[in-house]
**Q** 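Take this structure, written in structure tokens, and hold onto it; I'll ask about it next.
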Amino acid sequence: MSGTPVGNDIRRLRLEHGAMTQQALADACAVTRQTIIALEAGRYAPSLELAFRIARAFGVGVEDVFRWEG
């Protein structure tokens with residue numbers, strides 16, 4: 001599977017938020033842990049809705065989590 005031009009700081013944000021687990025973030029965003037794994041690895045670009053859910057889970061804006069690298 002090829003990568004996506006959407007980069008992210010999910011792993012860094014998880015660690016900054018009390019070493020939040022991938023499963024805890026997945027639960028907060030109503031997705032599977034495998035989705036979080038794929039996002040962190042850059043193999044998957046989130047839907048706009050999921051991007052907002054992830055940002056909200058960290059209490060930051062979408063652009064604090066995701067960036068365009070294309």
**Q** Do M20 and I37 belong to the same hydrophobic cluster, where Ile, Leu, Val, Met, Phe, Trp and Tyr are linked whenever their side-chain heavy atoms lie under 4.5 Å apart, directly or via other members?
**A** no

**Q** Contact between L13 and L25 at the side-chain level, heavy atoms closer than 4.5 Å - yes or no?
**A** no

**Q** Between atom CG of N8 and atom CG of D64, what is the distance when rounded to the nearest 0.5 Å?
**A** 12.5 Å

**Q** To the nearest 0.5 angstrom, please state how far the CZ atom of F52 sits from the SG atom of C29.
**A** 13.0 Å

**Q** Could you tell me whether the side chain of T4 reaches within less than 4.5 Å of the side chain of Y44, counting heavy atoms only?
**A** no

**Q** Identify the two heavy atoms, one from A28 and one from A57, that lie closest to each other, and give their separation to 0.1 Å.
**A** CB-CB, 4.3 Å

**Q** Quick one: pull up CG in L48 and CZ in R53 and give me the separation to the nearest 0.5 Å.
**A** 11.5 Å

**Q** Please check if atom CZ in R12 has more than 12 non-hydrogen atoms from other residues, nucleotides or ligands closer than 6.0 Å.
**A** yes

**Q** Residues in salt bridge (charged side-chain N to carboxylate O under 4.0 Å, His left out) with E63, at least two apart?
**A** none

**Q** For the atom pair CZ (R14) and CD1 (I54), what is the distance rounded to the nearest 0.5 Å?
**A** 11.0 Å

**Q** Under 6.0 Å from the CZ atom of R11, do we count more than 12 heavy atoms belonging to anything else shown?
**A** no

**Q** Find the distance between CD (Q23) and CZ (R33) and round it off to the nearest 0.5 Å.
**A** 7.0 Å

**Q** Going by the rule salt bridge (charged side-chain N to carboxylate O under 4.0 Å, His left out), which residues pair with R67 if we only count those two or more places apart in sequence or in a different chain?
**A** D9, E69

**Q** Please find the pair of heavy atoms, one from P5 and one from W68, that lie closest to each other, and give the distance.
**A** CG-CH2, 3.4 Å

**Q** For F58, which residues count as a ring pair (Phe, Tyr, Trp, His ring centres under 6.0 Å) partner, sequence neighbours excluded?
**A** H17

**Q** Find out whether V31 and L39 are in side-chain contact, i.e. whether some heavy atom of one side chain is under 4.5 Å from a heavy atom of the other.
**A** no

**Q** What is the distance from atom CG of L15 to atom CD1 of I10, rounded to the nearest 0.5 Å?
**A** 12.0 Å

